[in-house]
Amino acid sequence: MTLFDRLAVELSRVVAEQFQVELPPTQIQWDAPPDPTMGDLAFGCFPLAKSCRRAPQQIAAALAPAMARVEGVDRADAAGPYLNVRLKRDLWFADTLGAWSTGLPDWRLPAEERRRVVLEFSCPNTNKPQHLGHVRNNILGDGLSRLLKAAGHDVVRVNLINDRGIHICKSMLAWRKWGEGQTPESTGQKGDHLVGDYYVLFARKLAEEEAVWRAAQGLEGKATDEEKRAFEAQSQLQGEVSAMLRDWEAGDEATLELWRTMNSWVLRGYDQTYARQGIAFDRVFYESEIWRLGKGEVEDGLARGVFQRSESGAVVCPLEDLGLEPKVLLRSDGTAIYMTQDLGNAVMRQRELGFDEMIYVVGSEQEHHFRVLFHILGRLGYGWAERLTHFSYGMVNLTTGKMKSREGRVVDADDLLEELEESCRRVMEESQKRLDLSEEEKAAIVHDLALAAVKYFVLKVTPRLDMLYDPEESIDLAGNTGPYLQYAHARMGSLVRKSGLDPAAVGSFDLLGEPEEVELLAHLSFWPREMRLAASQLNPARVAQRTYELARSFSRLFNAHSIFDRVEDPRLAAQRIALTAAAARALRCGLDLMGIPAPERI
RNA sequence: GCGCCCGUAGCUCAGUGGAUAGAGCGUCGGUCUCCGGAACCGAGUGCGUAGGUUCGAUUCCUACCGGGCGCACCA
């Protein structure tokens with residue numbers, strides 16, 4: 001039991017004595033007072049006002065003298081409606097640093113609250129390379145999986161590769177028509193980029209065809225929806241793509257062969273992209289293997305009267321209880337759509353992985369889709385439907401405007417990492433102080449810095465919100481950035497090493513108590529609670545924030561006081577080193593949770 | 001038109017209904033005989049508007065203004 005927990009028990013007892021009111025210790029929330037001179041912990045007495053039938057001010061005043069007598073408490077004051085508690089320094093330091101001295105404090109949820117969680121994220125289409133949107137998804141999904149795992153859940157990270165469909169055929173068709181047998185080997189190009197170029201080429205050729213057609217039709221200005229449809233209905237290219245998809249679904253061997261070849265190029269490219277980003281999965285599903293799955297569910301639902309057949313022959317699910325039009329689940333020609341596949345997918349996942357909860361990391365533009373999906377699964381009678389979550393995140397906008405993949409106006413994921421590395425290398429070489437690092441070490445550090453820059457840049461923003469990606473700012477290594485955190489971590493480790501002192505050997509903390517030391521201590525004390533909160537809120541941004549505050553707090557201490565050099569009293573040096581070692585561990589913990597490497601030297 | 005989300009400092013973002021709303025960047029000014037300056041400190045400007053609920057509202061509710069995203073037999 002931590003000091004905070006013991007104090008909660010004591011406060012609960014004091015409340016019971018003074019007011020004969022029950023306040024369970026678990027409900028006591030210790031906050032930090034706005035100004036450290038007021039105390040170390042604050043308890044707002046507002047929730048007690050009703051049950052005690054007193055004003056919060058009076059309650060605080062009544063509790064203060066009794067709390068002041070509690071062991072470990074140095075002072076307890078009423079400040080208006082707040083009860084402020086100042087802790088005995090040596091006890092608080094010993095309690096908190098003791099928990100950090102051998103490892104991390106255990107902040108996992110109690111066993112009965114741990115769940116088996118399937119977390120689906122990334123889910124790229126194999127018609128083009130990954131871009132900035134995928135990068136945000138990958139980083140959020142990966143960060144979330146680390147956070148949930150650390151909270152004690154059994155997490156299964158799942159990727160679903162969208163490797164079939166009309167969009168895939170577009171790249172294939174373009175390559176077959178104009179590719180002249182190019183391969184990743186012949187061009188030296190990464191496979192996903194090569195295939196992506198053909199996707200863009202298809203879009204260009206289609207636009208050319210459309211321009212010719214429009215001119216022939218005497219059409220001018222911006223195309224209307226009707227004109228678009230009219231064009232597509234007679235388009236040569238569009239027809240060829242549709243034919244190719246039919247061939248694929250019919251199992252035409254030549255088409256399948258081309259599909260297998262090009263997909264393998266893309267997937268090999270993705271392997272590199274993921275490896276570079278430090279992203280991994282426990283299970284990878286391919287849509288080509290499971291796309292037929294949903295039909296059975298729909299037919300079953302139809303037989304049971306959950307779904308209906310519309311006039312056109314399509315199978316629909318009525319949604320009047322959501323105030324929506326019926327949702328089509330099978331087209332009138334009997335083919336499946338996105339929703340159909342997702343139904344089958346969810347059922348299959350439950351069968352195969354047996355999750356308590358499943359979380360889909362997918363952009364906010366699909367909120368409606370998931371709302372409907374979960375609702376339909378509920379209608380089918382699956383109780384677990386209510387334990388499905390759409391972890392919705394906002395779009396990534398560029399300072400230069402909106403991303404449009406068909407126009408090629410995207411930030412490519414590989415290019416981004418490449419540019420970040422270049423800029424990190426530049427900064428490293430400009431700075432004079434570099435220790436003698438080998439080329440390999442340098443390359444590793446540059447890689448780690450670039451990863452820290454992009455991951456932290458993404459994670460510190462609340463996921464739900466759209467974010468603005470500013471290449472300039474993301475490259476910046478100073479201020480509230482990932483590299484700053486790595487720098488702070490490396491500096492802490494370096495201090496501990498150079499001091500030659502053993503942090504674990506320190507048993508007493510009677511000499512610590514400077515404001516900067518106490519501020520850092522407070523961050524360490526609150527750390528487990530903050531991480532638990534971040535996990536329960538599914539909010540990696542909270543991890544990012546707390547980690548930054550911790551690093552900054554240490555920088556302040558470092559700047560205000562010598563840690564060991566020029567410290568006269570060896571006992572004080574040892575105690576400060578123990579504090580530094582604990583802070584390094586916490587910082588490392590935060591970086592780990594964000595999937596950011598924590599090199600010893602940068 | 002309907003639904004969901006968002007409007008906080010010049011910019012990018014934090015902020016469980018509670019004490020004096022915080023960071024980073026940028027601007028200006030400082031610190032250090034420095035254990036790693038990718039550091040630290042200081043100055044300056046702010047809750048879209050109007051109501052309501054509450055002892056107390058940036059936070060909850062309503063309306064309005066401004067922006068984003070959805071509302072496919074696309075994915």
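Order of the sequence lines fixes the chain letters, A, B, ..., with proteins taken first and strands second; residue numbering starts at 1 for each chain.
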Touch check for [X], heavy atoms < 4.0 angstrom, all strands: base, sugar-phosphate only, or nothing?
| X | answer |
| --- | --- |
| A:M38 | base |
| A:N127 | nothing |
| A:I563 | base |
| A:L449 | base |
| A:S555 | sugar-phosphate |
| A:A488 | nothing |
| A:H390 | nothing |
| A:Q366 | base |
| A:A560 | nothing |
| A:Q341 | nothing |
| A:L477 | base |
| A:E600 | base |
| A:D466 | sugar-phosphate |

B:U16 base / A:Q537 side chain donor-acceptor hit below 3.5 Å: no
Can you tell me how far C1' of B:G15 sits from CD of A:Q545, to the nearest Å? 7 Å
Atom CD of A:E365 and atom P of B:C6: how far apart are they, to the nearest Å? 16 Å
Which listed nucleotide (B:G24, B:A75, B:C25) is nearest to the side chain of A:Y548? B:G24
Tell me, do A:E120 and A:F285 make a side-chain contact under 4.5 Å, heavy atoms counted? no
Report the relative orientation of the aromatic rings in A:F43 and A:W30; use parallel for angles under 30°, tilted for 30 to 60°, perpendicular for over 60°. perpendicular
Should we count [atom1] of [X] as having more than 12 external heavy atoms under 6.0 Å?
| X | atom1 | result |
| --- | --- | --- |
| A:R54 | CZ | no |
| A:E320 | CD | yes |
| A:R53 | CZ | no |

Opposite nucleotide pairing with B:A63, Watson-Crick or G-U, both atom distances under 3.5 Å: B:U49
Kindly say whether the aromatic ring centers of A:Y548 and A:Y484 come within a distance under 6.0 Å. yes
I want to confirm an ordering. Mapping A:Y469 and A:V427 to their closest nucleotides on RNA chain B, which one lands closer to the 5' end? A:Y469
Judged by nearest nucleotide, the residue sitting upstream toward the 5' end of RNA chain B, A:N480 or A:R546, is A:R546
[N], OP1 or OP2 - any side-chain N/O from [X] closer than 4.0 Å?
| X | N | value |
| --- | --- | --- |
| A:T462 | B:A14 | yes |
| A:R491 | B:C35 | no |
| A:R371 | B:C71 | no |

Between A:F564 and B:C35, do the rings stack, that is, sit under 5.5 Å apart with planes less than 30° off each other? no
